[in-house]
Amino acid sequence: MIEALCSQLPATFCEIDELAAILLRFCRERAEYLRLAYDSDLICRLMYEESDDMQRWLERTLDEDWLDDGDLEAVRGFLRRAASEIADHIAAHDADVVAAVVSARAFAEALDRSHGPRFASVFRGRGTTEVKAGDPIPIPHPPLKELFADDLGTNPMRLGPKFYELRWLRLLPDVARGHQVRLDFRSVDLLANIRHDAPIAIGIPCDLDDLRIERSDEPTPRFLSVHPYRPEEQKKILLDFLEQAQARGARMVLFPELSLDEECLEAVKQWHARTDHQIAIAVCGSVHTRRHGERRNVSTTLLQDGTEVEHFKFNPFYVSVPSAKTGRPINYREDIVTIPAIITINMCGEWSFTTLICKDLLEPGVAEILEQARVSLILVPACSPKTAVFEQIAGALAARAQALVVIGNLAASSSIDPSSVIIARPIHTGTIETVRRSEITPPYLHFSVFMSRHLDE
C-alpha cells in the first residue's frame, strides 16, 4: 500500500500544495483506517515522532515552494520508512493500509507546520484560480484571538478528527451540486488594518412594497424584474446612507438585494470613486440586469482599492401571488440564469470574504463549502419574507468556521416578523445580532461594529 502512495507522487516536479493534496486525498479515501489509528496511543505517538523528523528535514532542506526530483525521492524515502516503522507495531491484518495512511498523514502535517503559511502565496502566484472538488484550497487565519479576546467561541479544529484537513490547507468538498469555486487574490491588503471596533453599516432603504415586480404567465409563471418604484428617491436615500457611513468611519457597508436599479448602482459607484472614505467593502445590494445577453440577478461589491467584484445569483426565488382569474396562489419563479453557480472567495491576506445573494446561502452544499474553505466574512444582501433559516445557518457558520456573517434583508411587515439585519459572530454568547422588521421604519441605517454587538455613540 505504501508503494501505491509513493507512485502517486510526480517524478520530477511538485508544488507544495499539490504534494499536500496528494497526501490528504490518500487519507480521505481511507478515512476509516486513519480513525482506527487515532484510537491507538502508540500509533499516534509514532506518527507524531515521524512527523517531527519529517518537519526538521523540510525546514532544513526545502527553501522553495516546490520540490524537484531529488526532493521527491527523499519524500518517498520518508514515507516508506515511517510506514515500515509503524507497521511493526500493528497486529491487524490490514496493517499495511493503516501504516501507509498514518505515514501520509504524518508527512502532510509536517509540510503544513513547516510551509503552511506559504500555501497561499503559491495560489496567489497563479492569479485567479478555479478550484474543483478534491482540489486543495488555502486557509486564511484572521487574528480572531486578538480581535475577540476572551469572547472567541468554538475552535473548528477541535470539532472532530482531521482526516483530510490541515491548519493551512483543506480539500474542497464534493457536494455534487454543480458549484464552482473561484479564488480571487486581487486585494491582498484590503483588511490588513481592520480593528475589532471598526463600524459596519447595513442600510435598509425601503419596504418590500416599495418595489415594482414585473410578472409574466408565458410560457410559465415568472417574474422578470424588480425595481424601486421611486428610483430617484431611492438613489438619494442610498447616497445619504453612504455619507452617514463615511462620517462614522464605517469599514463595511451592505444594502439589501434588489434595493437598487442600474442608475442607482451607477450613482453609488461614482460616490465610491470620488469620495474620500474608509469603506473597505461596499456590497451594493443587487440588480436585475443582463450580462452577456443573459438575465441575471447581480450583486456588485466595491472594494476600497477600486476593484469591483460581481456575483451572479444561482438560487432563484419563488413568490406566491393569487391568480387574477381564480384567486388561487401561483408560484412565480425569478426569471434568471443560474449557471454557472460560482462562489467567488476573495483572498485578502489573513482574511477572506464572499458575497452571496439571499437563497444562495441556503442552497444545500453552500454552507459546507464555506465552512471547509473557512471563509471569514460572508456578506449576504437578501430580500426574503422569512429569515429563521438564515439565522440558523449564519449561527452555524459563525461557530463551525469562525466566520462573521452579515445579512441585510428587504422585507415587509408581517405576522412572521422577519429580520431586516442579521449579524452572526464567532463568540461564546450573543452570537447572533438581529433587528426585526417590526423594530424599524425604513429608511433605516443600522450601525454595529466588526467584532462586538454595539457601536458606542
Polar side-chain atom of D207 near backbone of D210 as donor-acceptor pair, under 3.5 Å: no
Are R105 and E109 within salt-bridge range, i.e. N to O under 4.0 Å? yes
For a quick check under 3.5 Å, do Q304 and H272 share a side-chain donor-acceptor pair by atom type? no
With rounding to the nearest 0.5 Å, note down the distance linking CD1 in I281 to OG1 in T307. 11.5 Å
Would you check if K386 and P418 make a side-chain contact, meaning some heavy-atom pair closer than 4.5 Å? no
Axial cation check for F447 ring with R248, 6.0 Å and 45° limits: yes
If I take atom NE2 from residue H115 and atom OG from residue S121, how far apart are they, to the nearest 0.5 angstrom? 10.0 Å
Distance-only polar pair, side chains of H311 and D360, donor-acceptor under 3.5 Å: yes
Tell me, do P136 and F123 make a side-chain contact under 4.5 Å, heavy atoms counted? yes
T301 side chain reached by L379 side chain, heavy atoms, under 4.5 Å: no
Under 4.5 Å between any side-chain heavy atoms of V405 and I422, yes or no? no
Does either side chain, that of T355 or that of S299, offer a donor lying less than 3.5 Å from an acceptor on the other one? no
Heavy-atom closest contact (T441 atom, Y444 atom, distance): O-CB, 4.1 Å
Looking only at side-chain N and O atoms, does S286 offer a donor or acceptor that is under 3.5 Å from a partner on N297? yes
Less than 4.5 Å apart, side chain to side chain, heavy atoms only: is that true for I202 and F255? no
For N331 and P221, work out which heavy atoms get closest and say how close. O-CB, 3.5 Å
Run the numbers on I22 and E18 for side-chain contact (heavy atoms from CB on, under 4.5 Å), then give the verdict. CA-CA 6 Å; I22 291 169; E18 181 186 359; 4.3 Å; yes
Whether E433 and R425 form a salt bridge (side-chain N of Lys/Arg under 4.0 Å from carboxylate O of Asp/Glu) is what I want to check. yes
With no hydrogens and no angle check, do the side chains of Q372 and E368 hold a donor and an acceptor under 3.5 Å apart? no
Tell me whether S352 contacts the main-chain N or O of S376 through its side chain, where contact means a donor paired with an acceptor under 3.5 Å. yes
Heavy-atom donor-acceptor pair, E257 side chain to N409 backbone, under 3.5 Å: no
In terms of heavy-atom contacts, does CZ of R195 have more than 12 from other residues, nucleotides or ligands at under 6.0 Å? no
Interatomic distance, CE@M54 vs CZ@F107, rounded to 0.5 Å, equals 6.5 Å
side-chain contact (heavy atoms from CB on, under 4.5 Å) between I16 and V122, worked out: CA-CA 8 Å; I16 56 174; V122 177; 4.0 Å; yes
For E59 and S114, does a side-chain donor sit closer than 3.5 Å to a side-chain acceptor? no
Report the distance from atom CG of L183 to atom CD1 of I137, rounding to the nearest 0.5 Å. 4.5 Å
State the CG-CG distance between L361 and L356, to the nearest 0.5 angstrom. 6.0 Å
Steps toward side-chain contact (heavy atoms from CB on, under 4.5 Å) verdict (H141, W168): CA-CA 8 Å; H141 287 276; W168 294 98; 3.1 Å; yes
Could you tell me the separation between the CZ atom of F353 and the CD1 atom of I378, rounded to the nearest 0.5 Å? 12.0 Å
For a salt bridge (charged side-chain N to carboxylate O under 4.0 Å, His left out) check, start with the C-alpha distance between E15 and R126, then their side-chain angles and the critical distance, and finish with the verdict. CA-CA 12 Å; E15 291 185 291; R126 298 169 187 158; 2.8 Å; yes
Residues passing the side chain to side chain contact (heavy atoms under 4.5 Å, CB included) test with P340, sequence neighbours excluded, are Q180, R296, I342
Would you say C14 and L72 make side-chain contact, with heavy atoms under 4.5 Å? yes
Do K235 and L238 pass the side-chain contact (heavy atoms from CB on, under 4.5 Å) test, and can you show the C-alpha distance, the side-chain angles, and the key distance before you say yes or no? CA-CA 5 Å; K235 184 193 305 182; L238 294 170; 5.9 Å; no
So, D417 and S438: side-chain donor and acceptor under 3.5 Å apart, yes or no? yes
Do other residues, nucleotides or ligands put more than 12 heavy atoms under 6.0 Å from E263 CD? no
Is it true that R35 and E32 have a side-chain N and a carboxylate O under 4.0 angstrom from each other? no
Test applied, side chain to side chain donor-acceptor pair (under 3.5 Å); reference residue, S225; option that passes from H288, R212, E214, E334: E214
Would a line drawn from the ring center of F450 to the ring center of W351 be shorter than 6.0 Å? yes
Donor-acceptor side-chain pairing of E243 and W271 below 3.5 angstrom: yes
Checking the side chain of T275 only, and the main-chain atoms of H277 only, is there a donor and an acceptor separated by less than 3.5 Å? no
Pair S51, R113: side-chain N/O donor-acceptor within cut-off below 3.5 Å: yes
Side-chain heavy atoms of T12 within contact of D68, under 4.5 Å: no
Short side-chain to backbone donor-acceptor contact, R230 and E233, under 3.5 Å: no
Pair R118 + D112, salt bridge at N-O below 4.0 Å: no
Taking all non-hydrogen atoms of both residues, which atom of A201 and which atom of A245 are closest, and how far apart? CB-CB, 4.2 Å
When you measure from the side chain of D240 to the backbone N and O of I237, does any donor-acceptor pair fall under 3.5 Å? no
Is there a side-chain contact between D189 and D305, using heavy atoms and a 4.5 Å cut-off? no
Distance-minimising heavy-atom pair for L169 and A21: CD2-N, 4.4 Å
Is it the case that the side chains of Q278 and R251 hold a donor-acceptor pair, with the cut-off being a distance below 3.5 Å and no angle test? no
Distance under 6.0 Å and angle within 45° of ring axis: R30 vs F26: yes
Return the minimal non-hydrogen interatomic distance between L254 and V406, and the atom names on each side. CD1-O, 3.8 Å
Is it true that a side-chain atom of R222 and a backbone atom of E218 form a donor plus acceptor pair closer than 3.5 Å? yes
Closest heavy-atom contact between A120 and P138? CA-CB, 3.9 Å
Is there a donor in the side chain of Y332 and an acceptor in the side chain of D217, or the other way round, less than 3.5 Å apart? yes
Tell me if the CZ atom of F13 is crowded by more than 12 foreign heavy atoms within 6.0 Å. yes
Should the pair E308-K269 be classified as a salt bridge under the 4.0 Å nitrogen-to-oxygen rule? yes
For K359 and P316, indicate whether the former's side chain and the latter's backbone hold a donor-acceptor pair under 3.5 Å. yes
Would you say R177's side chain and G365's backbone share a donor-acceptor pair under 3.5 angstrom? no
Does the distance from a Lys or Arg side-chain N to an Asp or Glu carboxylate O, for R436 and E391, drop under 4.0 Å? yes
